[in-house]
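Below: one structure, written as structure tokens.
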Amino acid sequence: NGQTPWGTYLTCEENVNGYFGSEGKPVLDQRAARYGLAAEDAGFGWHKFDERFDLAKHPQEPHRFGWVVEIDPRDPASTPKKRTALGRFKHENAAFTVNQDGRAVVYLGDDERGEHIYRFVSKNKVAPGNDPANRDLLDEGTLYVARFEAREGELKGTGQWLPLVHGQHGLTRENGFADQGEVLIFAREAATRLGATTMDRPEWVAVHPHRAEVYCTLTNNKNRGLKENQPLDGANPRAENPYGQIIRWRPMGDDHGSDSFEWDLFLLAGNPGVHKEGLMAGSANIHPDNMFNSPDGIGFDEAGRLWIQTDGDYSNEKQFAGMGNNQMLCADPASGEVRRFLTGPVACEITGLTFTPDWRTLFVGVQHPGEEGAPSHFPDGGTAIPRSAVLRITRDDGGIIGA
């Protein structure tokens, strides 16, 4: 989801905090806590064998991680480059587009409850056909964070992109930001100082292929309405949000470089079988035949159909009754219609979507089927151990997928 016009790919570092830990007593400040760093790691134990990951010995080492990294998948001898101008946080994806004025624009989600949506606009323009010149385009530009505003009771409104620039809007040495480097390393703290809107776990972002319109999945947020910094608002309207939603925005003047935009909620996932009315039932385009929770991966095909993948609660119980396993759906952005396309095996996440250039083959990832001992034997069946897999999907008549 991060392909560039010059043939490289923007891959993302996400849950990097879990690889750091310590047997000692590291000194961890508020900034470290904001990025989820703690003496107890996520169970990987790397710090026991490589002191680089020991927070007591190398407290600055986590700052090297949590970036977007540009790689050249066609050249194994090439050197990956961390594009630090795009900020440090839990990068779920990098949605690239070329603005009408030729500048590169990258939209970014920070996959954490109560974090933010970002935008990067390059200083220089894309030079068509000059790949060597474009290779460093993402080193210079401005990183912005989004603030969503709405009238009370409305699920739409306007918004602003706030620049994360050292020396502006309180991002100064006096407030703990010595230079632009620290603004980018501690992008979350800088976003808070600017008054950015806390969101319900921003995951994938996708840009419409034919018009200036951007979509972002907000997967869920058990903290919404319970924490002081995560109040209910138009963009995140449900307390302890278990289902998630998809927000979309349109830049003013169809200009991705504009600092203003209009937004609305394309859909609210929900369960109309459990909640007969209200926001928990979902938006009007959600019904018992297509209901789902926790939208995660999204992407467009050439025709402008929006493909939605889920990574949520597959217990099929209580407030998730009737929802079944994780799945993939297809939506029409114009009408709002949503149809289920496929359902995954037990205890998996459906993630990753890629089309062949003729749009007649679709590749979809099935991740960790049968996790935590769930009774899955995907994909081999019988008594086989479950394995992650990539599906190749074609139509029997050889036609375009989704048409």
Side-chain angles (χ1 to χ4, degrees), residues 107 109-110 113-119 144-162 191-192 194-208 211-256 258-272 274-287 290-295 298 306 308 319 329 331-338:
Y107 290 103
D110 185 354
R113 299 178 186 93
E115 289 300 336
H116 309 289
I117 296 173
Y118 297 82
R119 176 195 68 170
Y144 300 81
V145 66
R147 180 165 61 206
F148 295 85
E149 300 167 340
R151 296 178 179 175
E152 187 172 354
E154 292 190 351
L155 306 182
K156 61 180 180 179
T158 59
Q160 295 290 321
W161 291 110
L162 311 172
T192 296
L194 266 60
T197 304
T198 58
M199 309 299 290
D200 288 348
R201 280 189 62 197
E203 295 224 41
W204 288 47
V205 188
V207 182
H208 197 288
R211 56 177 181 264
E213 200 167 83
V214 190
Y215 292 67
C216 178
T217 51
L218 304 175
T219 298
N220 54 56
N221 186 0
K222 64 183 180 181
N223 298 329
R224 178 62 58 183
L226 301 182
K227 289 192 173 183
E228 183 178 354
N229 68 333
Q230 299 180 43
L232 300 181
D233 55 45
N236 309 274
R238 296 180 292 190
E240 302 177 65
N241 178 13
Y243 298 125
Q245 62 263 21
I246 298 178
I247 194 169
R248 65 178 168 187
W249 61 89
R250 304 173 185 86
M252 294 299 183
D254 294 336
D255 178 7
H256 287 285
S258 172
D259 290 341
S260 302
F261 57 87
E262 295 179 337
W263 68 269
D264 67 352
L265 293 183
F266 174 64
L267 63 79
L268 281 166
N271 193 330
V274 172
H275 306 280
K276 300 304 180 183
E277 57 184 20
L279 294 180
M280 287 296 185
S283 47
N285 50 353
I286 300 300
H287 49 78
N290 70 3
M291 63 181 180
F292 60 93
N293 72 85
S294 301
I298 53 171
L306 180 67
I308 305 166
Q319 60 186 344
L329 308 103
D332 180 351
S335 68
E337 181 184 7
V338 182

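All of these numbers come straight from a predicted model, not from anything done at the bench.
Here the CG-CD1 distance, from Leu329 to Ile286, works out to 7.5 Å after rounding to the nearest 0.5 Å. A distance of 10.0 Å separates CD1 in Ile117 from CG in Asp110, rounded to the nearest 0.5 Å. For the atom pair Glu240 CD and Leu232 CG, the distance stands at 10.0 Å (nearest 0.5 Å). The CG atom of Asn241 lies 11.0 Å from the CD atom of Gln230; values are rounded to the nearest 0.5 Å. Atom-to-atom distance recorded for Met280:CE and Gln319:CD is 7.0 Å, nearest 0.5 angstrom. Atom-to-atom distance recorded for Ser294:OG and Asn221:CG is 11.0 Å, nearest 0.5 angstrom.
Checked by atom type and distance alone, the side chain of Thr197 pairs as donor or acceptor with a backbone atom of Phe148 at under 3.5 Å. In terms of modelled atom types and a separation under 3.5 Å, the side chain of Asp233 and the main chain of Asn236 share a donor-acceptor contact.
A salt bridge links Arg119 with Asp259; the closest basic N to acidic carboxylate O contact falls under 4.0 Å.
Shown here is Glu149, whose CD atom has more than 12 heavy atoms of other residues, nucleotides or ligands within 6.0 Å.
With sequence neighbours excluded, the residues that form a salt bridge (charged side-chain N to carboxylate O under 4.0 Å, His left out) with Arg211 are Glu213.
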Worked check of side chain to side chain contact (heavy atoms under 4.5 Å, CB included) between Val205 and Val214: CA-CA 7 Å; Val205 188; Val214 190; 3.4 Å; yes

Hey, mind stepping through Gln160 and Ser260 against side chain to side chain contact (heavy atoms under 4.5 Å, CB included) and telling me if it holds? CA-CA 5 Å; Gln160 295 290 321; Ser260 302; 3.1 Å; yes

Where do Leu155 and Leu268 land on the side chain to side chain contact (heavy atoms under 4.5 Å, CB included) test, with the steps shown first? CA-CA 10 Å; Leu155 306 182; Leu268 281 166; 3.9 Å; yes

Stepwise side chain to side chain contact (heavy atoms under 4.5 Å, CB included) test for Asp264 and Arg250: CA-CA 9 Å; Asp264 67 352; Arg250 304 173 185 86; 4.1 Å; yes

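Put simply, the side chain of Tyr243 does not reach to within 4.5 Å of the side chain of Met291, judged on heavy atoms. Annotation: side chain of Glu203 is not in contact with side chain of Ile298 (no heavy-atom distance under 4.5 Å). Taking 4.5 Å as the limit, some side-chain heavy atom of Arg238 sits within range of a side-chain heavy atom of Gln245. At least one side-chain heavy atom of Phe292 sits less than 4.5 Å from a side-chain heavy atom of Leu267. You'll find the side chain of Leu162 stays beyond 4.5 Å of the side chain of Tyr144, heavy atoms only. Lys222 has its side chain out of reach of Pro242: every pair of non-hydrogen atoms, C-beta onward, lies at least 4.5 Å apart. Counting only heavy atoms from C-beta outward, the side chains of Arg224 and Pro231 approach each other to under 4.5 Å. Asn285 places none of its side-chain heavy atoms less than 4.5 Å from the side chain of Asn290.
Shortest non-hydrogen contact noted between Pro333 and Tyr215 is CB-OH, 3.2 Å. Arg147 approaches Gly195 most closely through the heavy-atom pair CD-O, 3.2 Å. When all heavy atoms of Trp263 and Ala235 are compared, the closest pair comes out as CH2-N, 3.4 Å. Scanning both residues, Pro202 and Cys216, for their nearest heavy atoms gives CB-SG, 4.0 Å. Closest approach of Ala191 and Tyr118 over heavy atoms only: CB-OH, 3.7 Å. Ala331 approaches Ile308 most closely through the heavy-atom pair CB-CD1, 4.1 Å.
In this pair, Trp249 and Phe261 present their aromatic rings tilted. The plane angle is within the 30 to 60° band.
Side chains of Thr198 and Glu115: a donor-acceptor N/O pair is absent below 3.5 angstrom, by distance only.
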